[in-house]
Amino acid sequence: MQPTHIPIDYLPIFMQFIFAFGFVATTILATHFLGPKRAGKSKLEAFECGIESVGNARSPFSIKYFLTAILFVLFDIEVIFMYPWAVNFRELGLQGFVAMLIFISLLLVGFLYEIRRKALDWE
Amino acid sequence: MDFITLIDKSVLIVIIFAVSLVTAMYSTYGERKIAAFFQDRLGPTNAGPWGLLQPLADGGKLFMKEEIIPDQANKALFILGPSIAMLTACMTSAVIPWGKDLYFFDHNIVLQVADVNIGLLYVFGVVSLGVYGALIGGWASNNKFSLMGAIRAASQNISYELAMGLSIISIIMLTGSLSLRDIVEQQAGFNWNIWYQPLAFLIFFVCALAETNRAPFDLPECETELVGGYHTEYSSMKLGFYLFAEYINMFISAAVISALFFGGYNFPFMNSIGLSSNAIALLGVGFFFIKILFFIFLFMWVRWTIPRFRYDQLMKLGWEILIPLSIVNIIITGLVILIKEGSLF
């Protein structure tokens, strides 16, 4: 089969990137020079609803977020596996479908385990 | 790729860029007018006739505002955050097909910046990079509200990305291609994907709301709990970038939804009304924009109608309802295609 898509197809995307980057950089620079500058000690403090700020925000947060991130990585890789299968679904036919069913059920076992262990419960 | 094509592409990039900026600007105006209508108010009326110059006034104001970088913040990352958010918002439009080819004196103009065969995957890749904008900005602010907003935004976006990715697999199974051009071409006339995949559309739409941090999924900037979420410390155009990126993302999501499920630039009876191909292409672009504007309106309608979720409800909806539903949808789609092709029985 002839390759119908070649790397040069991506050149316009790169051009758009340069354009968008230029726009963002110019705007950031422009606002830096346009706005007034009247710094003050309390103005540059972290905002905490008007009361004296306490400590630093570099503090630990709930482990749940970390767990979600780990689970996302696992599941996202599995989702990515499904894309090439979906593109070739008609060629792979029944055999491919059964293979994917087995794959999905393995995925669901992990998913059920995760639900039963209350990994997704936020009290 | 010859020189003329490159010029075409550059012009197209500039036009699309301008169109998405203007649409985003006037979406802010539309949002305020629609909110006003829903709440029996008038909305902006003072700047220009019917307040039509309001977005320009807002933009100008953001440019002239003082730029504040907190003492405790990490300066480089503080600037990087909104820049990434804006940059990724501007990059997604590259693979969207805006219309059929135009022909002028045996030179055809493709109304798409780049027709790459991984189109949809590119959209997802760029959208997931957008998470870094909120995360980096919120963390760099060194403010507790910002940090909370940022990690909320990150977990919410990655959770709904899964369901979103799964929901379009059934579309890819139908069309057998990841290129948005191919997907739109297969929905010629009125043969839209929505008739075959209503469930996928529903899941995709809910996820699109969550990905753009729109109400009822606007937990990251939930003002009753977190002041402004990840952009609490931001001012001037850096704040503008965050807000603007949200509206551009809304525009792009509306475009992707119309392209995937509502036939993109296709419209009913397009092949039987007997117009020249250029006229049909231009009409198609018009119809595409009508669909996009309708979905932007739908986004706003939802925002001003439904109250915000609680965070645990939000995560539960994403993980325990949308993901299993989209897997069921994939299996049903697979079965139906196999039965229709006669390879099952």
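To find a chain, count down the sequence lines: A is the first, B the second, and so on, and within it residues start at 1.
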Just by modelled atom types, is the [Y] backbone N or O under 3.5 Å from a matching donor or acceptor in the [X] side chain?
X	Y	answer
B:Glu161	A:Phe72	no
A:Asn88	A:Pro84	yes
A:Arg90	B:Leu338	no
B:Tyr234	B:Phe78	yes

Looking at A:Val73, A:Ile28, A:Ile80, which has the largest count of heavy-atom pairs under 4.5 Å with chain B? A:Ile28

Given heavy-atom pairs under 4.5 angstrom as the criterion, report whether the side chain, backbone, both or neither of [X] touches chain B.
X	result
A:Asp76	both
A:Phe33	neither
A:Glu91	neither
A:Leu71	both
A:Ile104	side chain

Parallel, tilted or perpendicular, judged at 30° and 60°: which one describes the rings of A:Phe81 and A:Phe103? perpendicular

Specify whether A:Phe14 and A:Phe17 have parallel, tilted or perpendicular ring planes, treating 30° as the upper limit for parallel and 60° as the lower limit for perpendicular. parallel

Structural part of [X] lying under 4.5 Å from a heavy atom of chain A:
X	answer
B:Ser146	neither
B:Ile168	side chain
B:Ile172	both
B:Lys238	side chain
B:Gln313	neither
B:Leu21	side chain
B:Ser236	side chain
B:Phe63	both

Can you tell me which of [options] forms the most heavy-atom pairs within a distance under 4.5 Å of chain A?
options	result
B:Met64, B:Lys65, B:Met86	B:Met64
B:Thr175, B:Leu166, B:Leu162	B:Leu162
B:Ser159, B:Ser83, B:Pro82	B:Ser83

Would you say [X] and [Y] make side-chain contact, with heavy atoms under 4.5 Å?
X	Y	answer
B:Glu320	B:Lys316	yes
B:Asn329	B:Leu325	no
B:Met148	A:Tyr65	yes

So, B:Gln197 versus B:Thr333: side-chain donor-acceptor pair below 3.5 Å or not? yes

From CA spacing to verdict: side chain to side chain contact (heavy atoms under 4.5 Å, CB included), B:Met91, A:Ile13: CA-CA 8 Å; B:Met91 287 299 296; A:Ile13 294 187; 3.9 Å; yes

Stepwise, does the side chain to side chain donor-acceptor pair (under 3.5 Å) test hold for B:Ser177 with B:Gln186? CA-CA 10 Å; B:Ser177 172; B:Gln186 291 197 2; over 6 Å; no

Please output the residues of residues 119-134 of chain B in contact with chain A, using a heavy-atom cutoff of under 4.5 Å, in numerical order. B:Leu121, B:Tyr122, B:Phe124

Starting at CH2 of B:Trp139, measure out to CG of B:Leu77 and round the result to the nearest 0.5 Å. 6.5 Å

Can you tell me how far CG of A:Leu101 sits from CD1 of B:Ile327, rounded to the nearest 0.5 angstrom? 11.0 Å

